[in-house]
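See below for the structure under consideration.
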Amino acid sequence: MSDQSAKTQNPAAGELDVLVIGAGFGGLYALYRLRGDGYSVKVLEAAADVGGTWYFNRYPGARCDIESMSYSYSFSEDLQQEWEWSERYAAQPEILSYINHVADRFELRQHIQFETRATQAVFDEASQRWQVTTDGGEVISARFCVLATGCLSVPQRPNVDGLDSFEGRWCHTGFWPHEDVDFSGQRVGVVGTGSSGIQAIPLIAEQADHLTVFQRTANYSVPAWNRPLEAEVADEWKARYSEIRKRARLGLAGVGFEGRQCATLEISEEEQQHELERRWQHGGLVMWETFTDVLSDEEANAVTAEFVRAKIRAQVEDPEIADLLTPKGFPYGSKRICTDTNYYQTFNRENVELVDISSSPIEEITRTGLRAGGQSYELDALVFATGFDAMTGPILDIDIRGKNGLSLREKWSAGPRTYLGLMVAGFPNLFTIAGPGSPSVLSNMVVSIEQHVDWIADCLAHMKQEGLECIEPALAAEDGWVGHANELASATLFPKANSWYIGANIPGKPRVFMPYLGGVGPYRKICDDVASNAYEGFVISRRS
Ligand code: N01
C-alpha cells in the first residue's frame, strides 16, 4: 500500500504541477516519485492500460534480454524483496503483470487518463505553462511536462504497395493484437530479423504449417540460455540487492554483470577464444562488449565477429543457409546484439524457408502474399518485425512548440539536440526521460529511467525551494553536449552500421547517433555534478 496516496489531490483545472506523457516504466515512476514529493501529477496514456512497450509488444516470444532481477525497479525495498520472477529473462506477460502490480500497489491508476494521446504541447509564455492538447480535444495546462513516451513505441512497417489488398491477416510485432493469434495450418511470412523477429520466428515456426522468413540483413544473435529462476539464485540477489543495484547505477550499462575487462589485442589468441567461449556459455548481453576495444577497433572487432559467425555456422545444417544467416558488412555490436532461444536451429526445420531480400527488396504485397526478387510467395498471414521510428519518433509524434512558437520538429530536423538528454533549449520546463542524448537504449532502461526521474524530481525541489519559475538549457551548453556526444560516437564503430541507433531504418531520417555512449555511471556523475554546480549550463528564471 502506498504511503503517499493521501498526499494526492485532484487539482483544479489550471493548477496541475506536472503532466507526464506515457504510463510505461518511466511514466509510472515519475508519477510515483513526483506525487510523493507533493506535486499534483497527471499521466496521459494512449493505451487502455499501463505498461508502455510491454503493453504493445505481445508477439510470441517477446521477452526482455536483461535479467529479470535486474530489469526491475529499485525504488521500493519492499517491492524488490517481495516480487518473485519465474525466469532468468522474464517474458512479456510476466513483465506486464509486474508493471500492473506496481500500478496497483502504489495506487497509481487514479492519476492516469487512459486511451488518451497527447497530440500537441505548446508552451504559453504569458502563463509560463504547458498547454497539452489530447486526441479527444481536451487541453490540459501544467507547469512542467515530462515526456515518458518511450524509445521504441512508434512501430514502423515497410512502405510497400498493396498491404491494403492483402486478404490474410497481418500484424506488427510492436502493435500485436490482444487476442491469441493462431498460425496453425497457415503459411506465414515474417519480414524482419532484428531482436523482435529473432524472438518470434522460432515460436511461429513451431505453430505454422510453413514459415517464410524475409531477411534483409543477417544479425548477430547470441543464446539467452533462458531458464527458470531458481529460488536460491533469487534469494542471493535479494540479499545483495543494495550492492548489486549500486553497481548497476555506477557501471557502464546499468546492469550488475561483469562488463568488458581487457582489450582483445592485448591477449593471446587462445585467451581471446577462452574468454569468448566463457561469455557465450554465460549467454545474453555479456556477449556485447566482450572486450574494451571491440567497439572501437576493427581488428579487435573482427575477432569477436568471427567467433560468433563460427557459432552461427555450427548451428545451421545447410551451409548455404548458414552463409545467408551469417552477418557481414558491419561491425559486430554496432547494431543491437539480439539474444535468442533456438533461432538458428529453426532454419533446420523442414517447414522453414529463408529468403534473402538484401538485394531484391519486397516489390509489393498482393492479395495472396508478396512479391520479392521477381518471385511470388503465397501467404495466409504476414508478420512485420520491422522495428520502430526509434527515440525521436515518439517525441516528435507530438507537435511540441516552445518559446516564440519554436517547433521541436523543426529544431530537430537535422537530428535531436538536447542538453544531457534531459532538456532542450527553447523548451522550458519540458523534460525527456531516457530520450536521445542519454544512455537510454544502450543501458538497462529501468536504471536509466530511475536516474532521470530522480534528477528531475531533485531539480523541481531545487526550483521550489529557491522560488524559481522556469528552467531550460543555455544554447551553448546544449551545443557542447551534442558535440561531446557526437565525438564519443565517432570514436566508435557504431556509426558504421545502418542501425536504428542512427536513424538508418527510417527513410529520410537524419543520420545521427542518438543515444549517449559515455556509460551510465559516468553519465550519472555528469548530471549530478551539473545539479550540484547550481545547474550549470541551464538558464533558470525567478518567479516574478
Ligand atoms: O527492430 P529492428 P526490432 N524490408 O529495427 C528489417 C529492442 N527489443 O523490433 O537490418 C525488409 O532491430 C530490418 O532489416 P535491416 C531492441 O533494442 C528488445 O527487432 O534494417 N526488412 C531488421 O531486420 C531492438 O534492437 C528485445 O536491413 C526490413 C528488422 O526489420 C529494438 O527493440 C526484443 C524493412 C527490424 O529490426 C528493435 O528491435 C525486441 C523493409 N522495408 C526488441 N524494414 C529484447 O529485449 C525493416 N526491416 C530481447
Side-chain angles (χ1 to χ4, degrees), residues 52-54 56-68 70-71 88-92 95 150-161 163 171-176 189-201 212-224 226 253 255 283-285 288 325 327-330 333-341 343 354-365 370 372-373 382-391 393-394 434 440-446 497-507 509 514-515:
T53 196
W54 297 106
F56 287 107
N57 284 267
R58 296 165 182 255
Y59 60 87
R63 186 180 290 286
C64 188
D65 59 5
I66 307 245
E67 296 193 33
S68 37
S70 192
Y71 191 81
R88 181 183 182 195
Y89 297 103
Q92 175 270 340
I95 300 176
C151 291
L152 297 161
S153 47
V154 176
Q156 179 74 6
R157 67 173 168 81
N159 190 12
V160 190
D161 288 342
L163 186 56
C171 316
H172 191 292
T173 48
F175 198 75
W176 199 260
V190 174
V191 183
T193 51
S195 296
S196 305
I198 279 175
Q199 288 186 325
I201 284 164
T212 312
V213 176
F214 297 92
Q215 175 187 272
R216 187 164 71 179
T217 310
N219 246 311
Y220 290 97
S221 185
V222 301
N226 186 36
V255 278
L285 292 179
W288 195 350
L325 288 167
K328 304 168 192 82
F330 61 97
S334 56
K335 290 179 112 175
R336 175 69 146 75
I337 296 298
C338 306
T339 54
D340 73 90
T341 300
Y343 174 64
L354 180 65
V355 175
D356 172 25
I357 53 166
S358 56
S359 50
S360 46
I362 299 170
E363 291 145 28
E364 61 165 339
I365 293 166
L370 65 75
L382 247 177
V383 172
F384 293 107
T386 44
F388 303 87
D389 182 357
M391 303 201 78
S440 175
V441 292
L442 295 174
S443 72
N444 177 350
M445 284 294 276
V446 189
N498 289 326
S499 68
W500 59 259
Y501 294 137
I502 210 153
N505 63 327
I506 305 295
K509 192 163 172 170
M514 295 180 283

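Counting convention: from 1, in listed order, for ligands and their atoms alike.
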- prompt: Under 4.5 Å between any side-chain heavy atoms of V255 and L285, yes or no?
  reply: no
message: Assess, by modelled atom type and distance only, whether the side chains of T341 and N226 contain a donor and an acceptor separated by less than 3.5 Å.
response: no
statement: Contacts of T53 meeting side-chain hydrogen bond (donor to acceptor under 3.5 Å, both in side chains) (sequence neighbours excluded), chain-then-number -> N57
- request: Please tell me if the side chains of V383 and Y59 come closer than 4.5 Å, counting only heavy atoms from C-beta onward.
  value: no
query: Can you list the residues that meet the side chain to side chain contact (heavy atoms under 4.5 Å, CB included) rule with I506, with sequence neighbours excluded?
result: Q156, D389, K509
message: List the residues meeting side-chain hydrogen bond (donor to acceptor under 3.5 Å, both in side chains) with D356, not counting sequence neighbours, and say none if there are none.
response: S358
Per-ligand residue contacts, ligand 1, heavy-atom threshold under 4.0 Å: Y59, R63, C64, D65, L152, P158, V191, G192, T193, G194, S195, S196, Q199, R216, T217, K335, R336, I357, A385, T386, G387, F388, W500
